[in-house]
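Please read the structure below before turning to the comments.
All of these numbers come straight from a predicted model, not from anything done at the bench.
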Amino acid sequence: INLVHDAGKGVFAEHHGILLRLFASQAAIAIENARLFQEELERRHQLETIRSLTAEIARELDLATSLRLIIRRSCELTRASGGDMFLWDEPTRQLIPEAAFGEALNREKTRRGLGEGVMGTVAQRREGLLIDDYRSCPFAHPHTLKHSTVVSALTEPLLYGDRLLGVIGVDHDVPGHTFSSRDQTLLKLFADHAAIAIANARLYETARAELVERTQAERSLAQRTRQLEALRSITAEITRELDLRRVLVLVTQHTAALFESAGAATYLWNDSRCALEPRASTGTSGWFPATPVAPGNGLVGHSVRERRGMI
């Protein structure tokens, strides 16, 4: 606190100093209380913001949509001009670019290994980096330096327990713009919740894929059961029939129906001619040969010569 008098308006005495010191000590307490209150309000606002964003991303179970939403909200949360999200691929041991927002959408992306660039360094160390001058940062990736105008960056790992899921990074491309420790705290809190959302989305995709596979298997089993039942019924019908011509017609018709084919034909082997003779057909007209088929001639002839079925 600084007090002044206009010229000729008076002077301060010793008792004024004593009084000011007493008042200043009380004012300091009031100012500190106000600061603490303001910090608490800001902290509550931050937590409420994180809670709201966390609830939003937790509702999204489609992984691709979830990733786009997370990187967008990360940029909005830190007022960044752009951002990227890389996910860790264990088989290749690389970080793969999966989502981007803002200015980062137009940047060419490449994979990163552990310790490669800022993303790779954060993944390797499993701790965030706040970089005020990206252009002179020893961790800056040459590809990013060449193909972007990034001037500052803020990057956090995406950790689910002790498992690395990926890395999220936001940046500024306007000279003079940097991130604060508050931005770093917010992004770290959000990254923790984002990792949970990503893990849940992956579990959902896995469960959905298993459900689809199980449903397909059940449908295939049901179809196979119907086919076997139809085969049993057909077998019972044709074994009751003793007229050869009628048996051949039934065999041909039921075979076409069983396999839902456009046409079918049945041949019998003639020893004297050493050839297959067409005896019955059904379905599509024009394709059924009217003359005997020698072994090795056409699909039917090859099947006889090889003595095995052919598709």
Handout entry: Members sharing Val212's hydrophobic cluster (side chains within less than 4.5 Å)
Key = none
Please report, to 0.1 Å, the donor-acceptor pairs under 3.5 Å made by any side chain of residues 15-29, with sequence neighbours excluded.
from  : atom 1 : to    : atom 2 : distance (Å)
His16 : ND1    : Ala13 : N      : 2.8
Ser25 : OG     : Leu22 : O      : 2.7

Problem - Arg202/Glu205 salt bridge by N-O under 4.0 Å criterion - result: no
Problem - Minimal non-hydrogen separation, Phe179 against Thr78, with atom names - result: CE2-O, 3.8 Å
Exercise for the section: May I ask you to say whether Arg107 pairs ionically with Asp171, meaning some side-chain N is under 4.0 Å from a carboxylate O? Expected result: yes
Problem - For Leu248, the rest of its hydrophobic cluster, which grows through side-chain links under 4.5 angstrom - result: Leu244, Leu268
Exercise for the section: Quick one: sort the His143 and His141 rings into parallel, tilted or perpendicular, breaks at 30° and 60°. Expected result: perpendicular
Fill in the blank from the handout: Shortest non-hydrogen pair, Leu276 vs Pro278, comes out as O-CD, 3.8 Å
Problem - Closest non-hydrogen atom pair, Met119 against Asp84 - result: CE-O, 3.7 Å
Fill in the blank from the handout: Sorted by chain and residue number, the side chain to side chain donor-acceptor pair (under 3.5 Å) partners of Arg135 (sequence neighbours excluded) come out as none
Exercise for the section: State which residues pass side chain to side chain donor-acceptor pair (under 3.5 Å) with Arg208; sequence neighbours excluded, sorted by chain then number. Expected result: none
Practice task
Taking atom types as modelled, find out whether Thr121 and Arg112 have a side-chain donor-acceptor pair closer than 3.5 angstrom.
Solution key: no
Fill in the blank from the handout: Looking only at heavy atoms, the pair that brings Pro157 and Ala191 closest together is O-CB, 3.9 Å
Exercise for the section: May I ask you to list the residues sharing a hydrophobic cluster with Leu299, side-chain cutoff 4.5 Å, ordered by chain and number? Expected result: Met310
Exercise for the section: Could you note down all residue pairs passing salt bridge (charged side-chain N to carboxylate O under 4.0 Å, His left out) where residues 220-229 supplies at least one of them, sequence neighbours left out? Expected result: Glu229-Arg232
Problem - ILVMFWY network linking Leu145 to Val122, side-chain heavy atoms under 4.5 angstrom - result: yes
Problem - salt bridge (charged side-chain N to carboxylate O under 4.0 Å, His left out) contacts touching residues 86-97 (sequence neighbours left out) - result: Glu90-Arg93
Exercise for the section: Only counting residues at least two apart or in another chain, list the ones meeting ring-ring contact (aromatic ring centres under 6.0 Å, His included) with His177. Expected result: His172
Exercise for the section: Measure the shortest side-chain to side-chain distance between Arg73 and Phe190 over non-hydrogen atoms and say whether it is less than 4.5 angstrom. Expected result: yes
Handout entry: Pair Glu218 + Arg214, salt bridge at N-O below 4.0 Å
Key = no
Problem - Side chain to side chain, Glu241 and Arg246, heavy atoms closer than 4.5 Å - result: yes
Problem - Any pair counted as salt bridge (charged side-chain N to carboxylate O under 4.0 Å, His left out), so long as it reaches residues 114-131, sequence neighbours left out - result: none
Practice task
Apply ring-ring contact (aromatic ring centres under 6.0 Å, His included) to Phe139 and list each qualifying residue two or more places apart in sequence or on a separate chain.
Solution key: none
Practice task
Considering only Ile, Leu, Val, Met, Phe, Trp and Tyr, and joining two whenever side-chain heavy atoms are under 4.5 Å apart, list the other residues clustered with Leu221.
Solution key: none
Problem - No-hydrogen, no-angle side-chain donor-acceptor test under 3.5 Å, Thr282 and Thr252 - result: no
Completion exercise
Correct closest heavy-atom pair for Leu165 and Ala195 would be CD1-O, 3.3 Å
